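Encoded as structure tokens, the structure appears first; notes follow it.
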Amino acid sequence: MNPHARAIVFGFLISTTVLAVIAGSVLADADSEFNEPGNYLIADQFNNRVIEVAPSGKIVWQFGLGPSDFSPTSIIGTNDAQRVGRLTLMAGTGTPGGQPEAPDCTNPGGCPDNRVLLVNRAGHVVWQYGQFGPGGNGPDQLNTPVQNTWLPREDERDSDEEHFAEDARIPHGHVLITDQGNGRIIEVRVSDKRIVWEYDGLNNPNCAELLENGHILICDENNNQALEVTHTTPSTIVHTYTMAGGTFFSGVAFASRLPNGHTLITDSNNNRIVETDEAGDVFFQYFTNTDSNSTQRSTGPLPTRALRLRNGNTLISDQYNHRVIEVSPDLQIVRTFGKIASLGYNTKSVADGGLNSPYDAKRIGDYTGITPPFGHD
């Protein structure tokens, strides 16, 4: 969502401690803390990092060097992250010029990234699509990638086995990339970086998920709709979601299909999260701009992602309120990372602040309503 906007293997003859700093990662204190089910993975957008956080708020892993670093060592303006086994898939969206939350990006044209990375625990990039710097639309090029979803190969989608390439422990599979600036969704084969499926003609797309029925659910953000399309060439639109509860969507930032068949929509410009069906009925609704301490930004908080958790709660990336909140079915906040309307940067904990426009948050091991990594979870 681009007004809401966006490691490399280094030398070998250096100490593990120095490597962790150079590669932009902070290792967990103990092996049991890293990739622990129940931890949270957060794309901390304008802090240029992805962090793994324990339920207490303690940061147990970090990739990226902070809000003042705009080098390839960080993930600039990141909008999305997903754990794939013990690897982390992340999108380097880039930071727009003049972004109030990113004053260290002094280039009027912004600070681009334009990479999708697969990073190991030590902070080494083991796979990359796209090039660091200005965007493009040629081979191995992206323009403002905002989301990445891991897919298995077609012959692996019903398998529970892990399939890893022999070199560098890179799993076989595909990556579904929301290439926002190019107005398209592309599916890239990891082994040779070939685009094997594409859906274009979109207006600022912001997400794409593979559904259990084999279709793709797309956020056509600036057309204010979510589309369910067939995963075929050519594709066919199966259903279009444009409103819920009599209110038209404005800025569809994310959509996911829940186990009950409903669709959870992040209706960003309306500052609401809504669970709906094909008829547009409302089954759950939460507004992020009702707290008296909410951001005074003219746009409001502009939430960017909402995911239903296995326990029935809803995890919301409340972007410009600078927090991630977990909300119960009766609309009570039961967990908070960051601090409402208070951006910050902290490398130890985000229990009470320390986030800057978090764009995406997922609970590790919980794929309710979103595409699982199929055997790599």
Side-chain angles (χ1 to χ4, degrees), residues 7-10 12 16 19-20 22-28 30-44 48-54 59-65 72-76 78-93 113 115-130 132 140 142 145 147-153 156-157 159-178 187-193 209-210 360-367 370-377:
I8 305 278
V9 179
F10 294 90
F12 299 100
T16 303
L19 180 61
I22 292 178
S25 66
V26 175
L27 304 185
D31 186 67
S32 62
E33 293 186 288
F34 176 76
N35 204 35
E36 182 72 15
N39 284 353
Y40 297 79
L41 196 65
I42 299 174
D44 190 10
N48 301 327
R49 65 177 180 172
V50 171
I51 54 175
E52 180 180 344
V53 176
I59 297 172
V60 301
W61 184 82
Q62 173 172 321
F63 180 89
L65 297 179
T73 307
S74 292
I75 186 79
I76 313 304
T78 180
N79 278 198
D80 190 50
Q82 176 189 1
R83 190 57 51 79
V84 181
R86 294 174 67 83
L87 302 174
T88 306
L89 186 67
M90 59 185 74
T93 310
D113 191 319
R115 300 170 298 165
V116 166
L117 306 179
L118 195 60
V119 177
N120 68 16
R121 179 184 171 183
H124 295 155
V125 175
V126 300
W127 185 82
Q128 173 178 322
Y129 190 87
F132 184 79
D140 199 18
L142 298 168
Q147 200 213 0
N148 39 221
T149 299
W150 181 265
L151 305 180
R153 297 183 316 200
E156 296 172 356
R157 291 183 185 174
S159 173
D160 291 328
E161 298 179 8
E162 293 193 5
H163 300 268
F164 287 86
E166 292 184 0
D167 63 320
R169 292 188 175 182
I170 303 173
H172 294 302
H174 298 176
V175 179
L176 196 64
I177 300 173
T178 302
E187 181 179 347
V188 176
R189 187 162 58 204
V190 169
S191 60
D192 59 4
K193 298 187 179 182
E209 293 283 326
L210 174 67
D360 168 65
K362 297 181 178 75
R363 192 171 185 178
I364 292 176
D366 192 337
Y367 300 98
I370 59 174
T371 309
F374 296 92
H376 301 292
D377 51 349

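Note that the structure is predicted; figures quoted are calculated from it, not measured. Each residue takes its place number in the sequence, starting with 1.
- In terms of the salt bridge (Lys or Arg N to Asp or Glu O under 4.0 Å) criterion, residue partners of Asp80 (sequence neighbours excluded) are, by chain and number, Arg305, Lys362.
- In plain terms, the two heavy atoms of Pro145 and Gly92 that are nearest each other are CG-O, 3.5 Å.
- Atom CZ in Arg86 sits 6.0 Å away from atom CG in Asn35 (nearest 0.5 Å).
- In terms of the side-chain hydrogen bond (donor to acceptor under 3.5 Å, both in side chains) criterion, residue partners of Glu52 (sequence neighbours excluded) are, by chain and number, Asn39, Arg83.
- Nearest heavy atom pair, residue Asn148 against residue Ala91, reads OD1-N, 3.0 Å.
- Counting heavy atoms from C-beta outward, Leu117 and Phe132 have side chains that stay 4.5 Å or more apart.
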After noting the C-alpha distance and the side-chain angles of Leu118 and Tyr129, does the key distance pass the side chain to side chain contact (heavy atoms under 4.5 Å, CB included) rule? CA-CA 9 Å; Leu118 195 60; Tyr129 190 87; over 6 Å; no
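- Taking each heavy atom of Arg49 and Asp44 in turn, the nearest pair found is NE-OD2, 2.8 Å.
- Atom CZ of Arg121 is separated from atom CZ of Phe63 by 15.5 Å, given to the nearest 0.5 angstrom.
- Proximity of a side-chain donor or acceptor of Asp360 to a complementary backbone N or O of Ala81 within less than 3.5 Å is detected.
- Heavy-atom minimum distance, Glu187 versus Leu176: CB-CD1, 3.9 Å.
- Under the rule for a ring pair (Phe, Tyr, Trp, His ring centres under 6.0 Å), the partners of Tyr40 that lie at least two apart in sequence or sit in another chain are Phe337.
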Starting from the C-alpha separation in whole Å, work towards a yes-or-no answer on side chain to side chain contact (heavy atoms under 4.5 Å, CB included) for Leu151 and Thr149. CA-CA 6 Å; Leu151 305 180; Thr149 299; 4.2 Å; yes
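- In terms of heavy atoms, Pro171 sits closest to Val84 at CG-CG1, 4.3 Å.
- Of the possible donor and acceptor atoms, one in the side chain of Glu209 sits under 3.5 Å from a partner among the backbone N and O of Thr371.
- You'll find the side chain of Asn48 stays beyond 4.5 Å of the side chain of Leu65, heavy atoms only.
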Side chain to side chain contact (heavy atoms under 4.5 Å, CB included) evaluation trace for Trp61 with Glu33: CA-CA 9 Å; Trp61 184 82; Glu33 293 186 288; over 6 Å; no
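- Side-chain N or O atoms of Thr78 include none that pairs as donor or acceptor with a backbone N or O of Ala43 at under 3.5 Å.
- Of the inter-residue distances, the one linking Glu36 atom CD with Ile364 atom CD1 reads 8.5 Å to the nearest 0.5 angstrom.
- Atoms CZ and CD1, from Arg363 and Ile370 in turn, are 12.5 Å apart once rounded to the nearest 0.5 Å.
- Nearest approach of Trp150 to His172, heavy atoms of both residues: CZ2-O, 3.2 Å.
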